[in-house]
Amino acid sequence: MPTFFNPTPEERRALEAIARQMPDVQRTLVRNHPRLTMPDRGAHQQQLAGSKVLLTVAETLPPELDGLGIFQRSSAPTVGIGRMSTGLGCPHAETDADFLGLMVAFRTTGGRRIDFVTINDPTSPTDTPEEFLALLKATADASDAENQLSSQAQLLASLVRHARLRAPAIALHVTSQTFRTVRSTSAYQQYWTGIVRARNVLGKFTFVPTLDAGPRPGAKRGPTHLTEDWHARQSAGPLDFELRWIPYLNDDDTSLDDLTKPWESNHDVRVRTVTFPKTDFESMEAKLTELLASELGANPGNWLETPESNLDALPATRFTAARRLAYRASQHA
């Protein structure tokens with residue numbers, strides 16, 4: 001049984017000190033990037049698409065999820081808002097090295113907000129919140145680069161300043177992660193959340209496409225190729241994902257500390273189907289929904305760990321707790 005993060009007042013203040021630096025990252029982005037005129041998200045600023053999204057519960061659920069939050073048995077799908085984005089906190093060509101993000105947001109019958117915040121890689125960019133802040137700072141420092149090669153050089157130089165001896169390892173891992181997007185022909189691909197607690201179990205969720213995600217005939221890679229491809233696919237028909245739960249096994253196969261190591265997932269279980277329904281993106285409803293998605297803040301801390309979870313309680317791992325505080329600070333800024 002893993003130990004849940006239960007911070008002392010000093011540990012919480014340390015995480016809050018990290019989160020308080022998020023507005024500085026956002027101000028650096030505005031200062032450096034010619035297309036930003038006011039603070040936006042510290043990450044996942046650039047939206048590819050947004051629409052209504054539907055969740056349908058599986059017939060059987062693992063006991064830790066059964067009846068928890070949105071995992072209620074119902075004949076009707078749960079309706080929410082979904083959003084696709086790139087990972088950097090500033091506008092850029094979709095051919096640049098980057099992460100992709102998928103976010104879906106819902107409310108429970110009791111009114112609690114539930115967010116799934118994901119990236120298209122099974123690992124975290126860094127192992128610790130301190131390293132992740134260093135990466136965000138380096139990304140902001142490099143946002144004024146004239147081209148991709150210059151950006152990568154500035155990013156590494158800034159990482160050395162902010163992360164010191166850990167800079168080479170972080171840079172190597174992030175380069176490997178973002179290569180997945182460099183090779184991508186569509187944003188319709190597999191995504192993973194961070195670690196969350198469900199009752200007395202820690203685990204991750206993964207969104208697995210149920211349809212062929214190969215390149216469309218005649219599609220070309222350009223500055224907005226991911227946006228164009230996603231809109232074309234969702235205009236033609238619904239895009240379905242299997243939502244699968246990967247419970248913690250042990251510290252070797254599902255590490256809670258070595259977050260840049262992929263989790264073993266042969267034991268995952270299907271718990272929901274997530275559907276981005278067929279959409280006419282030229283309709284007024286679709287345009288308003290995309291606008292709502294672009295303005296809708298998200299937070300990986302929007303989650304129910306237990307049926308009695310307190311709104312102010314921090315998540316059960318240090319990294320997720322730091323993300324909750326940092327996302328909140330980013331939205332306030």
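- Applying the 4.5 Å side-chain rule to ILVMFWY residues, one finds F179 in the same cluster as V182.
- Here the rule is side-chain contact (heavy atoms from CB on, under 4.5 Å) with V57, and of L61, L55, T60 only L61 fits it.
- T181 OG1 to L100 CG: the interatomic distance, rounded to the nearest 0.5 Å, is 4.0 Å.
- Without hydrogens or angle criteria, T320 side chain to I195 main chain gives a donor-acceptor distance under 3.5 Å.
- Between the side chain of S330 and the backbone N or O of A326 there is no donor-acceptor pair closer than 3.5 Å.
- The residues E290 and K287 are annotated as not salt-bridged, no charged nitrogen and carboxylate oxygen being separated by less than 4.0 angstrom.
- Counting only distance, with no hydrogens or angles, the side chain of S255 and the backbone of D257 share a donor-acceptor pair below 3.5 Å.
- Linking ILVMFWY residues whenever their side-chain heavy atoms come closer than 4.5 Å, directly or via other members, leaves V79 and L239 in distinct clusters.
- Within a 6.0 Å sphere centred on NZ of K52, heavy atoms belonging to other residues, nucleotides or ligands number 12 at most.
- Under 3.5 Å, the side chains of T227 and E94 contain a donor-acceptor pair of N or O atoms.
- Here the side chain of R233 pairs no donor or acceptor atom with the backbone of Y188 at under 3.5 angstrom.
- A ring-ring contact (aromatic ring centres under 6.0 Å, His included) with F205 is found for exactly one of W303, F241, Y191, namely W303.
- Taking each heavy atom of P129 and I18 in turn, the nearest pair found is CB-CD1, 3.9 Å.
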(request) Report the C-alpha separation of R328 and E16 in whole Å, then their side-chain angles, then the decisive distance to 0.1 Å, and conclude whether the salt bridge (Lys or Arg N to Asp or Glu O under 4.0 Å) test is met. (result) CA-CA 10 Å; R328 180 186 295 172; E16 290 171 341; over 6 Å; no
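- Formation of a donor-acceptor pair under 3.5 Å by the T289 side chain with backbone atoms of S51 is not found in this model.
- Chaining together hydrophobic side chains whose heavy atoms lie under 4.5 Å apart places M103 alongside I81, V117, L292, L296, Y327.
- Summarising the local packing, CG of L165 is surrounded by 12 or fewer heavy atoms from other residues, nucleotides or ligands at distances under 6.0 Å.
- Looking only at distances, a side-chain donor or acceptor of D127 sits under 3.5 Å from a matching main-chain atom of L259.
- Not one N or O on the side chain of Q190 forms a donor-acceptor pair closer than 3.5 Å with the backbone of V208.
- Between R73 and D66 there is a salt bridge, with a side-chain nitrogen of the basic residue lying less than 4.0 Å from a carboxylate oxygen of the acidic one.
- In this structure a side-chain-to-backbone donor-acceptor pair under 3.5 Å is present from T126 to T128.
- Although no hydrogens or angles enter the test, the distance criterion places no donor-acceptor pair under 3.5 Å between the side chain of Q189 and the main chain of A213.
- A salt bridge does not link K137 to D141: none of the charged side-chain nitrogens sits closer than 4.0 Å to a carboxylate oxygen.
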